Amino acid sequence: MLFADSMSLLWLTYYGVSILVLGAIYLAFAFLPRLPRLLLTWAIGGAMWMPASFALPLVEEGEFYTGWAPSAMVAAVGFLEQDSAAFGGGLLWLLGGVVLGSLIGIALWWRRRPQHTEDDHTPPSAGHARHSEVESDEPSTRRREPVIGRA
């Protein structure tokens with residue numbers, strides 16, 4: 001049941017709001033080049049989205065409530081309550097989420113990076129010298145800037 005006091009609705013709301021936060025983080029890092037922006041955004045996303053298990057003691061002796069929560073929250077509550085087991089487990093999952101998110105960010109950058117079309121492995125300066133001021137019969141695939149006043 002998704003609508004009445006359910007954990008599913010709580011997690012769905014959390015992930016919905018975290019997507020908005022992730023978009024705001026990506027836009028906040030607009031001053032950075034694409035690789036560091038994707039790396040930081042997805043590292044923070046991995047930290048927000050990585051779940052960890054926790055156990056809370058109940059009123060009855062020997063009874064515990066177990067569940068799942070974002071690893072950052074598990075680590076923070078474990079730190080505040082000085083519970084080294086919860087803190088260590090939450091921190092381990094948190095660091096795993098950061099690493100996984102960073103790898104996703106690098107993979108996204110790698111997939112969309114600029115591709116070089118030259119087959120020979122000449123340095124870029126030699127390639128520009130080869131193409132400059134030389135007329136050829138085949139049309140160029142490089143962008144040409146418009147020039148006013150020249151025929």
Side-chain angles (χ1 to χ4, degrees), residues 2-3 5-56 64-136 138-150:
L2 186 62
F3 296 111
D5 296 331
S6 69
M7 290 302 288
S8 302
L9 183 60
L10 180 67
W11 278 104
L12 186 65
T13 304
Y14 176 76
Y15 283 123
V17 170
S18 68
I19 287 173
L20 292 174
V21 170
L22 197 66
I25 289 169
Y26 184 79
L27 294 175
F29 288 139
F31 64 92
L32 293 174
R34 192 162 184 267
L35 176 62
R37 182 175 26 176
L38 284 172
L39 185 71
L40 286 171
T41 301
W42 281 96
I44 293 169
M48 284 191 306
W49 292 340
M50 181 60 77
S53 63
F54 67 93
L56 292 175
F64 289 96
Y65 173 77
T66 59
W68 290 88
S71 59
M73 290 293 105
V74 173
V77 170
F79 176 76
L80 292 175
E81 291 185 350
Q82 298 175 353
D83 183 5
S84 61
F87 178 68
L91 190 62
L92 183 65
W93 283 108
L94 179 67
L95 293 176
V98 168
V99 168
L100 184 63
S102 299
L103 291 175
I104 290 171
I106 291 171
L108 287 173
W109 171 81
W110 186 267
R111 189 179 67 153
R112 303 283 284 173
R113 73 185 191 284
Q115 299 291 326
H116 297 290
T117 58
E118 295 179 341
D119 289 339
D120 59 348
H121 299 289
T122 57
S125 60
H128 289 298
R130 190 181 72 208
H131 289 297
S132 64
E133 302 294 328
V134 176
E135 295 293 325
S136 64
E138 61 188 56
S140 176
T141 57
R142 294 180 21 202
R143 179 188 161 127
R144 296 180 0 182
E145 296 294 328
V147 178
I148 299 175
R150 201 183 322 182

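Side-chain atoms are counted along with the backbone in the values below, which use heavy atoms only and exclude waters and symmetry mates. Each residue takes its place number in the sequence, starting with 1. Remember, predicted model here, so these are calculated numbers, not experimental data.
- Sorted by first and then second residue, the ring pair (Phe, Tyr, Trp, His ring centres under 6.0 Å) pairs involving residues 92-112 (not counting sequence neighbours) form an empty list.
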Scan the side chains in residues 18-41 for donor-acceptor partners under 3.5 Å anywhere in the protein, sequence neighbours excluded, and list what turns up.
from : atom 1 : to  : atom 2 : distance (Å)
S18  : OG     : Y14 : O      : 3.2
S18  : OG     : Y15 : O      : 2.9
S18  : OG     : W49 : NE1    : 2.6
T41  : OG1    : R37 : O      : 2.7

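- Contact between P51 and W11 at its shortest, heavy atoms only, is CB-CH2, 4.3 Å.
- Counting heavy atoms from C-beta on, the side chains of L108 and W42 come closer than 4.5 Å.
- Just one of L94, L95, L92, L100 meets the side-chain contact (heavy atoms from CB on, under 4.5 Å) condition when paired with M50; it is L100.
- Contact record, V74 with G90: CG1-CA, 4.0 Å, taken as the closest heavy-atom pair.
- Here the shortest heavy-atom pairing between A75 and F87 reads O-CD1, 3.2 Å.
- In terms of heavy atoms, S71 sits closest to A47 at OG-O, 4.0 Å.
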